[in-house]
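All remarks here apply to the structure that follows.
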Amino acid sequence: MNNKYFLLFSVITILTGLLIINGCDNSKELQKDAQKFIDDYSAQYQKLYYQSSLAEWALNTHIVEGDSTNAVNYRNASEAFADFTGSKENITKIQGFLKEKDKLTDIQIKQLEAMLFNAANNPQTIPDIVKERIAAEGAQTEKLFGYDFKVNGKSLSANDIDEILSASTDLKKRLEVWNASKEVGKVLKNGMMNLQKLRNKTVQALGYHDYFTYQVSEYGMTSDEMMELNKKLIREIWPLYRELHTYARYELAKKYGVKEVPDYLPAHWVTNRWGQDWNNMVEVKGMDLNSILKQKSAEWIVKQGERFYLSLGFDSLPSTFWEKSSLYPLPKDAKYKKNSHASAWHMDLANDLRSLMSVTPNADWYETVHHELGHIYYYQSYTNPDVPLLLREGANRAFHEAIGSQMGLAAMQKPFLAHINLLPADSKTDDMQKLLKDALNYIVFMPFSAGVMTEFEHDFYVDNLPSGQYNKRWWELVKKYQGIVPPQERGEEYMDAATKTHINDDPAQYYDYALSYVLLFQFHEYIAKNILHQDVHATDYFDNKEVGKFLKKILETGATVDWRKLLKESTGEDMSAKAMLNYFDPLLKELKKINAGRKYTLPEKI
């Protein structure tokens with residue numbers, strides 16, 4: 001080689017090497033700086049998150065009419081949390097690091113992106129809007145859960161309403177109670193008008209089109225993609241829902257002594273305030289859990305829920321769970337009220353785990369306890385050194401709900417119930433009736449969650465649905481997707497959508513539940529076929545450590561792994577309703593026989 005060219009080549013090689021070394025040094029320096037920022041941010045985030053959680057807990061567990069102390073405390077704590085997560089300084093630093101994310105580790109990028117998502121909910125570029133929204137949300141929660149439901153001047157709790165709609169065959173009484181359950185919508189409408197505007201303005205400050213789009217982005221999807229996914233799920237389960245709707249119209253008409261079967265289900269006929277669950281229509285012979293559980297205490301039901309998880313190899317719940325949770329209904333003479341909606345709380349993103357319930361000894365609460373403890377054990381599983389504080393959440397929000405719902409399903413299967421002595425081991429049950437009961441829960445829920453709630457909130461935030469059309473649009477969707485109509489005309493002085501808790505305080509996320517049902521059947525089918533080698537309709541998870549290992553692998557990674565990858569690695573499949581349809585296929589065939597000769601009123605396709 002010519003000496004001149006050799007010398008030039010050597011110089012280029014040396015310079016390239018120096019640039020690579022320098023680049024590595026720059027990357028390491030940037031990673032070091034980013035990690036220090038992440039660590040400092042996380043410490044302050046946890047402190048303020050805990051203070052906000054404590055204030056919100058008080059707001060939900062001790063509601064005194066006319067006393068705004070808890071609301072003020074919640075507002076102050078939430079504002080402090082918002083000031084930090086949405087601070088201009090933090091946003092600038094986060095965006096600066098992400099501009100050079102090719103030099104950062106994957107786990108650092110995930111944490112920084114989580115910070116930016118949090119910032120969009122509280123951007124201090126518009127502090128007055130954020131403060132106004134937080135105050136409005138606190139006031140809305142107080143109105144919703146402090147409301148005094150009344151029938152003929154007599155106060156009823158939310159549990160009282162649900163029990164009457166579950167059991168009563170008196171249509172006059174059912175109508176009175178159903179109407180009473182909707183009166184709170186009048187009180188909540190103005191607040192929702194305000195929150196519609198404030199929530200959209202908040203996230204628009206960081207470039208999101210609207211609040212619905214913002215929430216959907218956590219899945220790595222656009223709002224259009226999320227809407228199409230939910231519509232696809234409804235299309236897939238629609239043939240079975242159509243059979244269930246036809247079955248329910250005829251069976252309920254018979255139950256209430258109505259000769260002319262209505263084309264659409266009157267809303268006060270079904271056994272749930274929103275028509276999202278009809279399983280109380282059916283009692284499975286040999287499996288009357290309500291009568292069995294009435295002999296137990298509410299405390300027994302919660303402790304039995306923990307025993308289930310212990311049998312799978314999970315750890316005991318911390319003593320603070322039992323000391324600090326609010327698990328049971330308030331005494332009749334209590335001077336305050338509490339939120340009656342079941343929920344699980346990861347108070348400090350560490351070891352302060354709590355649940356808010358109003359457990360009474362019946363089958364609904366038995367299943368709910370197993371569901372809520374699924375959330376609690378998810379929290380406990382990903383609270384480990386390998387999961388950074390900011391990624392201590394589900395692989396996506398639907399994963400959290402899927403695990404809870406899956407454990408509720410498992411706890412209701414006959415071999416499981418026999419194992420824990422709630423049913424005799426040789427009990428004879430009508431398996432097709434049990435499958436029908438399950439379908440009246442899981443399948444009936446899909447058009448409400450994926451259809452009514454998701455499309456209403458899409459229209460509410462994406463399209464800025466006018467306040468004069470809230471009730472009109474709600475009932476259009478209820479009729480289209482659920483085949484349910486109100487017992488009488490519902491005017492725009494009401495906002496019947498707002499009687500559903502989530503519209504007020506867990507907004508634009510109800511599709512989580514629909515997606516979770518799809519996931520739960522995928523997980524359940526995998527466990528039944530590949531671990532237990534049992535019929536999917538008759539499994540017994542209890543005391544099976546291999547089931548526990550499978551679940552722990554999903555739970556313990558939190559949000560450190562992409563949810564699509566985790567699902568594929570766990571089950572070998574992408575998200576699909578196939579497992580759900582497989583589970584209920586025998587019922588679809590049976591219902592077609594039962595409904596032969598009956599009039600169908602829902603379209604064949606939607």
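Keep in mind that the numbers below use all heavy atoms, side chains included, and drop hydrogens, waters and symmetry copies.
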For the pair [X] (side chain) and [Y] (backbone), establish whether a donor and an acceptor sit closer than 3.5 Å, ignoring hydrogens and angles.
| X | Y | value |
| --- | --- | --- |
| Tyr211 | Tyr208 | no |
| Tyr378 | Gly558 | no |
| Arg273 | Leu165 | no |
| Gln124 | Phe84 | no |
| Asn70 | His62 | yes |

Exercise for review: Give the C-alpha distance, both sets of side-chain angles, the deciding distance and a yes or no for salt bridge (charged side-chain N to carboxylate O under 4.0 Å, His left out) between Arg473 and Glu455.
Suggested key: CA-CA 10 Å; Arg473 185 60 178 148; Glu455 194 159 330; 3.0 Å; yes
Might you confirm whether atom [atom1] of [X] has over 12 heavy atoms from other residues, nucleotides or ligands at distances under 6.0 Å?
| X | atom1 | result |
| --- | --- | --- |
| Lys479 | NZ | no |
| Lys110 | NZ | yes |
| Lys201 | NZ | no |

query: Are Glu569 and Lys553 close enough for a salt bridge, meaning some N to O gap below 4.0 Å?
result: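 Salt bridge flag = no for Lys553 with Glu569.
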Among residues two or more places apart or on two chains, list those pairs meeting salt bridge (Lys or Arg N to Asp or Glu O under 4.0 Å) that have a residue in residues 213-230.
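Those involving residues 213-230 are Glu218-Arg397, Glu228-Arg235.
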* Check each of Trp278, Tyr517, Tyr241, Tyr513 against Tyr442 using the ring pair (Phe, Tyr, Trp, His ring centres under 6.0 Å) test, and report the only one that passes. =>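 Exactly one pass, corresponding to Tyr517.
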(message) Taking side chain to side chain contact (heavy atoms under 4.5 Å, CB included) as the definition, give me every residue that meets it alongside Glu142, ordered by chain and number, with sequence neighbours left out.
(response)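 Glu142 satisfies side chain to side chain contact (heavy atoms under 4.5 Å, CB included) with Leu59, Ala71 only.
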**Q.** Student check: side-chain heavy atoms of Ile237 and Pro447 closer than 4.5 Å
**A.**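 Side chain of Ile237 against side chain of Pro447, heavy atoms only: contact under 4.5 Å found.
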